[in-house]
Every structure is written in C-alpha cells, then in structure tokens.
Amino acid sequence: MSQSVVAPDLPDLLPARMVNEYAYCPRLAYIEWVQADFADSADTVEGRFRHRTTSDEEGDLPEEIAETDHIHARSVWLSAPDEHLTARMDLLESHGAAVTPVDYKRGAVPDTPERSWEADRVQLAAQAIVLRANGYACSQGVLYYAASKTRVPIPMDDALLAHTRSLTAEFRAVAAAGRIPPPLADSPKCVRCSLAPICLPDETNLLAADAAAPDDGIRRILPARDDAIPLYVQEQGARVSKSGETFQVRLKDTKLGEARIFETSHVCLFGNIQVTTQAVQEMCARGIPLTLFSTGGWFYGLAHGMTHKNIELRLAQYQAAADPARSLALAAQMIAAKIENCRTLLMRNHPSLPADTLTELARFADAARAAPAIATLLGIEGLAARTYFAAFHGMLKPRKDADAQPEWNFDFNGRNRRPPHDPINALLSYAYAILAKDLTIAALAVGFDPFLGFYHQPRYGRPALALDLMEEFRPLIADSVVLGVVNNAVVTPGDFMRRGPAVALKPIARKKFIQAYERRLDSLVTHPVFGYRISYRRVLEVQLRLLARLLAGEIPTYPAFRTR
C-alpha cells in the first residue's frame, strides 16, 4: 500500500550505538532513532545497571597523548562531523600513544569464531573512526562482556572500518527517505527485543501478506498483560505526593494508600484532589499521564510530559485525516466492527433475542462497510445503535434493592445522557468516559495526536481519535462491564442518587465499578486475527500500533477488532 511520506529532518550526526542497532536490525534502529520510540525490558534495565560504573565522566583525555601517558577516562563524548558520527565511549585507555576504546556489553562472550557479535564490532569501529577523526591513534578496541567478565580485543582493520562507514551511510539514507525497513521474518532476535510490542514483527508480516494466522496462532512475542496499572483517587480533599519510589495518597494526616511508581501506568483524579509539584514532575519524567475528571466522571483532560517524539507518525495521521477517502475507509472498518461486536454481545447475553434484530444488525454492518460518505456512515451507526439499545434491556437481570426507592430498578428504555436519567445510562456514560481516557493515553503513548480522528470530527477538547478507536470496544469492554456489575449485583439501585431528572453514581459505586472495569481490561482474550491470548488492556495498544503500521503503508487495511 503506497502512502505519501514526509521525510524527517534528522540530526546530521549518527550515534555509534545506532550503527550497532542498524547492523543488528534495521527496523529496530529506525524505530529508535527516527521515530524516537523505545520500551524497556529486563535486558535493557540490566544493561543500564551494568553500565552504571561507566556513565559518570571521570579522567582526562589530553588533546595529544605521549608514549608515557596513562589514560583511563570514562564516559567520553566526541564527534566526527565529516564522518557523520558521534559517540559516547564507556572507557578510553592508552597504550603508548594510541587510544583504545573499551565498550561494555551485558551478555557473555558469544560462541563465534570472532568471539564477538558483528553489531558490537561495528559499534566499536564507529568509536575508533570518531577517535581518529579527532587526531587520536586507534589500532584496536576492546569489548568487555560483563556476564563472562572477559575482555575481547578487536583489531581496527580496514575491512571493519569500511563496513562500518558503509552501514552508517546506508542507515542515514534509509532514515532520510522516511521509509521504515520491513520486520525481520520469524527471527529469534525478535523474541527478546524490548521493542517487539512496538514493532509487531510477526503481526505486520502476516497482515502485509494478507494471510491468515495458523490454527495455533502466530508467536506471541509481546507480554500478555501490562504490569503497570492506573492509580485512581476520588476521595474529596485528598492529596497525591511523592515519597521515595511511591505515590502516596493522604487525607489530611491520614494515609489512604500508596502505589509504586514503576507499577503506575497513569494517575486519575476525580474532583477536588490535590497533587504536589514533586509528584507531577516525577510523572512527567517517567511518562505517567495525569488525567483529570469531574467528581461524577466527566473526562476533562490530562497533563503529561514532553509529547512523543514520533513526528513522522503524526504527519502521516494529519495527511490521512485530510483525505476524505482514507478517513472514510478507516471509519467504515471501525463502525462495522462496532456493530458486529454489539451483535455478538446480544447473541451471548440475550436469552430470547428476536431474529430480526440479528438480521438488522448484520445488514447495518454490511452497509457501514459500503458507506459512500461519512455522513451516510453516521446515519447507519445511529440506526444500528437504536436497534442495539432497543434490545439491551433483555441482557439485564433486574434486581431490587430494599434500601432504595421502590420505583428504582435497572429498567432501560433507550440511551440518554448529558445528564443520564436512569442508573443504566449513568453506568454506560461513566464506562465510556473511562474507556475514552484509556484510549487517549494509549494514543499518546504510541505517538498519535489523540484530538484528530477520522470519523469523529475535530472539536475543541474532544479526543476524536480516541473516540474513533473506542467504537469497536464499546460493547466488548464498557457495555460488558455494565452488564456484569448489574447482573452480578456488584452495583445495586441503592448505589445511585437522583438530582432532579438526573441520576448519578455514589462514590462507593464508582469505586466498585472501577474495580470491575480494571478486571475486564486485565482479562485475557484470543485475538481474532493473530490467534494468541492477550489482555484487553494490551489489545488497545496493539490496535493503535496496527493503525500506525497502516498509516506508514506497511499493511493494506486496518484490522478492526471483531470478537469471535
């Protein structure tokens, strides 16, 4: 699928570490350097720990080195503009008048004839090139493999230096062209790559080939669940602060709870909640968004650190959003998937569903895929929603609450909002607000502009792209949670209060609903395209990553999520 691409304006100097990455996997290097995307894994965290002794600048490096000098300088940063390279070297040692770069690696000495990996040798050679460009003699380098506690000398011969220069020029040309290299095919390198959840190598290859996954599914390289979860705070007058490696929640002098920072995906504040400057700074530094809601659950917005650096993706998003045909194609897939997921939810939960309801919804889904314009698609979605919500009451198991007003029950006669007039609509509105928040955060994390969509039109303060992606997940996540808390008596009529014609959840009901919602996001589901099992929380990110792959021209169509 050919797409117009705006070539990025890249720095002129390529870091030596990126030459290493390009030799290992061109796609990995492109994602890290051009798209400025990265994710930690146990290996990358351990690697930083191994480098802790080399990250502080120590020792002098004279401009001229004599035979009698003894150099031992750590974390030395030099550049070679004519070679288009820059390098921060872990350690420099002198042997006579020559300088030897020592590069630290976390793993063990590989069982290869060279006792080293090609990518490691190339990175060391890039450092040698930089040193020579700065007037230093450098005839060899050293790779120190920490797991083996072994130094491996690497001669800086002409062949290695020429190969390094060739890779440097090749990567700079690839980056300037603005075309991401294709994923590796069924490579063992992908299994332990920290960027596998971003790259989606097997998923992209499968969709690019327009093929079906094998019966047992493709490899599930990405983790099934995300270890980080949100911190919700709704106790009015509470304060969120930072203490060591935790966020603490206090009400005056009483500690209400705490959350470890590295396990916090984002922080949600409902109503009159204070947050300290230190806590906000830590959130910005670690990429933890701070989301703000009204007491009743209206999603006001969010605060976050510096915007994701992948401007290439946002440029592609803007181009697609400005193209009516491409916007319609995307919106049609999303709305058709929403209608089909509504149909599936009714089939699973309605004990006596009229056959004509299923027929109508199937017809609306087909019509959505063939809609000639966004306006037509809006009309089709509206008719489908009316059909779906007309049957929604059949999925409810009404229960009485002895403490509530006698006329209060979980009756449902159609969708209403702003404000909702009955408990079911109050629950639905609350669920949609939380789901919109999660997709807004996921869109920001991937690199999208969440306020520019393809189906929902731009409006001040409205996360249009998040609302687009939310369509296919409304029935599967939000509506499903509402049915669960009602039918299992997690929430009862006594958990609501009436204010004139409006109905709102009491604080205890919001807490119980959030717990049920988070359990739903953590539940595992079989991906209908790839065949592996991942959590709904992970599915939201995967779908946004696949949308990014579509906009980059790597896959032909957007694979909307349709439950089986």
Side-chain angles (χ1 to χ4, degrees), residues 229-243 246-259 261 264-284 288-304 416-441 444 450 460-463 466-467 470 477-478 481-482 485 490-521:
I229 59 175
L231 169 62
Y232 290 89
V233 185
Q234 58 175 342
E235 188 71 32
Q236 298 306 289
R239 180 170 62 95
V240 180
S241 61
K242 175 185 178 291
S243 178
T246 65
F247 290 128
Q248 292 193 350
V249 183
R250 292 181 176 274
L251 182 61
K252 295 183 178 178
D253 295 330
T254 303
K255 181 178 175 180
L256 302 179
E258 66 179 21
I261 296 175
T264 304
S265 61
H266 58 277
V267 178
C268 308
L269 306 184
F270 290 81
N272 181 29
I273 313 293
Q274 306 300 314
V275 58
T276 67
T277 302
Q278 292 85 349
V280 173
Q281 288 175 340
E282 192 68 23
M283 293 176 204
C284 291
I288 300 174
L290 175 66
T291 59
L292 306 172
F293 293 82
S294 69
T295 305
W298 180 261
F299 181 31
Y300 283 137
L302 76 166
H304 57 88
N416 58 70
R417 58 198 180 110
R418 296 180 183 176
H421 296 166
D422 58 79
I424 295 298
N425 274 294
L427 288 169
L428 288 171
S429 293
Y430 194 65
Y432 295 154
I434 299 175
L435 183 55
K437 172 263 298 180
D438 282 332
L439 279 161
T440 300
I441 291 171
L444 283 169
Y460 179 80
R462 180 168 74 171
L467 297 178
M470 192 170 84
I477 297 177
V481 175
V482 171
V485 298
V490 174
V491 173
T492 67
D495 286 321
F496 298 83
M497 51 187 163
R498 185 179 293 281
R499 296 179 174 181
V503 171
L505 285 78
K506 294 179 180 177
I508 187 62
R510 290 196 295 269
K511 183 179 293 186
K512 291 188 289 186
F513 187 86
I514 287 171
Q515 290 171 343
Y517 174 85
E518 290 298 324
R519 285 195 298 271
R520 180 63 174 173
L521 285 187

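Start at 1 with the first residue, then count along the sequence. Bear in mind that the values here come from a model prediction, so they are computed numbers and not experimental data.
Pairing each heavy atom of T440 with each of P463, the nearest pair is OG1-CB, 3.4 Å. The nearest pair of heavy atoms linking A431 to A478 is CB-CB, 3.7 Å. A436 and L467 get closest at one heavy-atom pair: CB-CD2, 4.2 Å. Nearest heavy atoms, P450 versus L444: CD-CD2, 3.7 Å.
Looking at residues two or more places apart in sequence or on another chain, you find a side chain to side chain contact (heavy atoms under 4.5 Å, CB included) between T291 and H266, C268, F293, F299, L302, K437, I441. Scored by the side chain to side chain contact (heavy atoms under 4.5 Å, CB included) test, T264 finds L231, F247, A259, V267, I288 as partners (sequence neighbours excluded). Not counting sequence neighbours, the partners of Y517 by the side-chain hydrogen bond (donor to acceptor under 3.5 Å, both in side chains) test are D438. With sequence neighbours left out, the side chain to side chain contact (heavy atoms under 4.5 Å, CB included) criterion links L251 to E235, L256. In this structure V280 satisfies the side chain to side chain contact (heavy atoms under 4.5 Å, CB included) test together with V275, C284, L290, sequence neighbours excluded. Scanning for side-chain hydrogen bond (donor to acceptor under 3.5 Å, both in side chains) contacts around R510 gives Q234, with sequence neighbours left out. For K255, the side-chain hydrogen bond (donor to acceptor under 3.5 Å, both in side chains) partners are E258, not counting sequence neighbours. Every side-chain hydrogen bond (donor to acceptor under 3.5 Å, both in side chains) that Q274 has, sequence neighbours left out, goes to N272. Take K512 and apply the salt bridge (Lys or Arg N to Asp or Glu O under 4.0 Å) test, not counting sequence neighbours, and it matches D495.
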Practice prompt. Report the C-alpha distance between Q248 and R250 in whole Å, list the side-chain angles of each, state the deciding distance to 0.1 Å, and finish with yes or no for side chain to side chain contact (heavy atoms under 4.5 Å, CB included).
Written response: CA-CA 6 Å; Q248 292 193 350; R250 292 181 176 274; 3.4 Å; yes
Item to complete: Take V481 and R519, measure what side chain to side chain contact (heavy atoms under 4.5 Å, CB included) needs, and give me the verdict at the end.
Response: CA-CA 9 Å; V481 175; R519 285 195 298 271; over 6 Å; no
Practice prompt. Applying side chain to side chain contact (heavy atoms under 4.5 Å, CB included), run through V490 and F513 and close with a yes or a no.
Written response: CA-CA 8 Å; V490 174; F513 187 86; over 6 Å; no
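How far CD of Q281 is from NZ of K242: 9.5 Å, rounded to the nearest 0.5 Å. With values rounded to the nearest 0.5 angstrom, Y232 atom OH is found 5.0 Å from I434 atom CD1.
Around atom NZ of K511, no more than 12 heavy atoms belonging to other residues, nucleotides or ligands sit under 6.0 Å away.
S243 places no side-chain N or O within 3.5 Å of a backbone atom of T246 that could act as its donor or acceptor partner.
Contact of the E518 side chain with the P230 side chain is registered, since non-hydrogen atoms from C-beta on lie closer than 4.5 Å.
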